[in-house]
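Counting starts at 1 for both ligands and their atoms, following the listed order.
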Amino acid sequence: MTARVEREFDVIVIGAGAVGENVADRVVQGGLTAVIIEAELVGGECSYWACMPSKALLRPGTALHGAQTVPGAGEAVTRTLDASAVLKRRDYFTSNWQDDGQVKWLEDTGIELIRGRGRLTGPRAVEVAGRDGVSYQLAARHAVVLCTGSAPTAPPVAGLAGLGYWTTREATSARSIPRSLVVLGGGVAGAELAQAFARLGCAVTLVARGGLLGMYPKDAADLVLAGLRADGVDVRLNTGTERVSKGGGGSFTVDLADGDSVTAERLLVATGRHPALDGLGLETVGLGSTDGKVPPLRTDTTGLVAGIDEGAGTDGDGNSDGGWLYAVGDAAGRVMLTHQGKYSARATGDAIAARAKGELKGAPEPWSRFAQTANEHAVPNVVFTDPELASVGRSAEQAQKDGYRVSSVELPISVAGSSLHSEHYEGWAQLVVDEDRKVLLGATFAGPDVAELLHAATIAVVGEVPLDRLWHAVPSYPTVSEVWLRLLEEYGL
Ligand SMILES: Cc1cc2nc3c(=O)[nH]c(=O)nc-3n(C[C@H](O)[C@H](O)[C@H](O)COP(=O)(O)OP(=O)(O)OC[C@H]3O[C@@H](n4cnc5c(N)ncnc54)[C@H](O)[C@@H]3O)c2cc1C
């Protein structure tokens, strides 16, 4: 018979990815007790199968190419990437898929860990099928927080199901570099992994239904496209996939809508992700649906979930002081980025602790420490290809849709700093301006090493720094940041 243990905590966090860890940390710092439940590795997707390994696979290629494009250094580059050394370094950054370091951090922080799969069984109640064989029945005095991350979304392509293709997990944890790879998907993960594998000696074909990085300004995405093609990636854009099959030798054949077909040793499907909410018992608090599919959660600016049963503890408007169920990070389905998830986690953790102490009633003010206000329109994101693409805030189109009177300025990046950076530096930058308030709504940079330019733009967008004050933020000479000055001059300052 399964042993059964009943426990009570102030806060129960389901999922120990970066987001769950941060929620638990903040509530403990706020004086509450917390348990975190993890079905796989403490640290989650980012540490083991996403940000860290993908960037560890990309960085050596960027460093090598960086040296090759600086005369004087380029001559010293006489070899190609050492794939086994790159994989070894990737293994180091994933701690060889061991989570001891993160478990120790939980212990040091005073967060209790239960390994196993958790699910809601009713208001404030969570059951965990423990990996130790114990069935834990947990009760939360103040909050249950869903930090269960996201899962890959498979496209409805004939023949794909059950074919043994790679998701980003298998790609980022590959033990060797395949001879050839077809990547389905022209989003961030598809573009990054296509380049990483191409630079490691793999023949890569990337197939995208639409454009490459279609969510970014075309001039910026085109620079990344040129970078991928320069690395030998065969990029097929605006091309549907009709069917996928596996041949006798285990190779994959992808039949394209244009009549062509591509065969490769491996197939990577990187066509997006959705919140991982299946099997979480949401129906026990009124959030399931009759067809068995879990609809996206609606959350307020503290991460509090709206629409749960009246009897389950909220007034249903998501702003109730009686609320107890929160969703944060990828699970909340709004912004799927580690840094933004951790930001949201800090706000949620602090809001839970403040509500428990009666210090926060109702919804917090925008930009207070309890509100995830930046998620609305000030999210920074970087595509870590070479060249990089870095963007924050609204695009010009989004700003117009949101009702702003918008203007934008665009320029190729061509300043003393960029010409010193490397031979034939090619970059592009854009500022999106709110014409009524004369503040930045968004910014995009594309080019080698532009990721480090982004935080200045994030500060300007979040701080709503007036352009005539931004004029006094003088970029150092000679840096790539001088493009800021050129952009403001182009705007008319
Ligand atoms: C290839 C790739 C590259 C990426 N690169 C970047 C990047 O460079 N920068 C960036 O900001 N973002 C990046 N992301 C996005 C980033 O990985 C996610 O936004 C981030 O991991 C979300 O953190 P999370 O804690 O919400 O979820 P996760 O990291 O997915 O953690 C969720 C955890 O919950 C656990 N869990 C789920 N259900 C249960 C359950 N019922 N019971 C117990 N445990 C459960 C899971 O095992 C997991 O450990 C990348 C994503 C991918 C796929």
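Each of Arg90, Arg199, Gln195, Met52 was checked for a side chain to side chain contact (heavy atoms under 4.5 Å, CB included) with Leu57, and the lone residue meeting it is Arg90.
Between Ala39 and ligand 1, a contact under 3.5 Å exists for at least one N or O pair. Distances between N or O atoms of Thr168 and those of ligand 1 include no value under 3.5 Å. At a 3.5 angstrom cut-off on N or O pairs, Thr338 counts as close to ligand 1. Note: an N/O pair closer than 3.5 Å links Leu337 and ligand 1 by distance alone. Checked against a 3.5 angstrom limit, the closest N/O atoms of Gly118 and ligand 1 fall inside it. In terms of polar-atom proximity, Arg273 is not counted as a contact of ligand 1, lacking any N or O under 3.5 Å from an N or O of the ligand. In terms of N/O distances under 3.5 Å, ligand 1 is approached by Asp330.
Here Asp278 does not pair with Arg119 in a salt bridge; the nearest charged N to carboxylate O distance is not below 4.0 Å. Between Glu388 and Lys55 there is no salt bridge, since no side-chain nitrogen of the basic residue lies less than 4.0 Å from a carboxylate oxygen of the acidic one. The pair Arg117-Glu127 fails the salt-bridge criterion, with no side-chain N (NZ, NE, NH1 or NH2) lying under 4.0 Å from an Asp/Glu carboxylate O. Comment: Glu21 does not engage Lys342 in a salt bridge, judged by the lack of any side-chain N to carboxylate O separation of less than 4.0 angstrom. Between Arg179 and Glu265, at least one side-chain nitrogen of the basic residue sits less than 4.0 Å from a carboxylate oxygen of the acidic one, meeting the salt-bridge criterion. Between Arg346 and Asp350, no side-chain nitrogen of the basic residue sits less than 4.0 Å from a carboxylate oxygen of the acidic one, so the salt-bridge criterion is not met. Between Arg229 and Asp222 there is no salt bridge, since no side-chain nitrogen of the basic residue lies less than 4.0 Å from a carboxylate oxygen of the acidic one. In summary, Arg394 and Asp402 engage in a salt bridge, as defined by a charged side-chain N under 4.0 Å from a carboxylate O.
Contacts between Glu192 and ligand 1 below 4.0 angstrom, taking non-hydrogen atoms only, are absent altogether. Looking at Ala171 against ligand 1, nothing comes within 4.0 Å, counting heavy atoms.
Comparing Arg119, Glu38, Glu21 against atom 35 (C) of ligand 1, the shortest heavy-atom distance belongs to Glu38. If you check each of Val19, Ile14, Thr167, Val13 against atom 25 (O) of ligand 1, the one with the closest non-hydrogen atom is Val19. Comparing heavy-atom distances from atom 2 (C) of ligand 1 across Gly272, Gly341, Ala50 singles out Ala50 as nearest.
In terms of protein heavy-atom proximity, atom 31 (O) of ligand 1 is closest to Gly17 CA, 3.4 Å. At the shortest separation from atom 15 (C) of ligand 1 among protein heavy atoms lies Met336 O, 3.7 Å. Ranking protein heavy atoms by distance to atom 4 (C) of ligand 1, first place goes to Cys51 N, 3.6 Å. From the protein, the heavy atom lying nearest to atom 5 (N) of ligand 1 is Lys55 NZ, 3.1 Å. Closest to atom 29 (O) of ligand 1, if we only count protein heavy atoms, is Glu45 N, 2.9 Å. With hydrogens left out, the protein atom closest to atom 34 (O) of ligand 1 is Gly15 CA, 3.2 Å, a heavy atom.
With 3.5 Å as the limit, one finds a donor-acceptor pair spanning the side chains of Ser135 and Gln137. For the residue pair Asp330 / Ser150, a side-chain donor-acceptor distance below 3.5 Å is found, with atom types taken as modelled. Side-chain N/O atoms of Gln398 and Ser395 include no donor and acceptor closer than 3.5 Å. Side-chain contact check for Thr302 and Gln372: no donor-acceptor pair (N or O, by modelled atom type) lies under 3.5 Å.
Applying the ring pair (Phe, Tyr, Trp, His ring centres under 6.0 Å) test to every pair with at least one member in residues 188-230, sequence neighbours left out, gives these pairs: Trp166-Phe197.
Close contacts between ligand 1 and Gly329 involve ligand atoms 26 (O) [criterion: under 4.0 Å to a heavy atom]. Remark: ligand 1 atoms within the under-4.0 Å shell around heavy atoms of Leu280 are 41 (N). Remark: ligand 1 atoms within the under-4.0 Å shell around heavy atoms of Thr148 are 32 (C), 34 (O), 37 (C), 38 (N), 39 (C). Of all atoms in ligand 1, numbered sequentially from 1 with element shown, those under 4.0 Å from a heavy atom of Cys147 are 32 (C), 33 (C), 34 (O). Set against the non-hydrogen atoms of Gly149, the atoms of ligand 1 under 4.0 Å away are 26 (O), 27 (O), 28 (P), 30 (O), 32 (C). Taking every non-hydrogen atom of His339 and a distance limit under 4.0 Å, the qualifying atoms of ligand 1 come out as 11 (O). Taking every heavy atom of Glu40 and a limit of under 4.0 angstrom, the matching atoms of ligand 1 come to 47 (O). Ligand-side atoms of ligand 1 in range of Ser54: 3 (C), range being under 4.0 angstrom from any heavy atom.
Remark: Glu452 CD is loosely packed, at most 12 non-hydrogen atoms of other residues, nucleotides or ligands lying under 6.0 Å away. Within 6.0 Å of CD on Glu112 lie more than 12 heavy atoms contributed by other residues, nucleotides or ligands. The number of heavy-atom neighbours closer than 6.0 Å to CZ of Arg141, taken from other residues, nucleotides and ligands shown, is above 12.
Within the 4.0 Å heavy-atom shell around ligand 1 one finds Leu41. Note on ligand 1: Gly116 sits in its first shell, one or more heavy atoms being nearer than 4.0 Å. At least one heavy atom of Ala18 sits less than 4.0 Å from an atom of ligand 1. Between Ala276 and ligand 1 there is no heavy-atom distance shorter than 4.0 Å.
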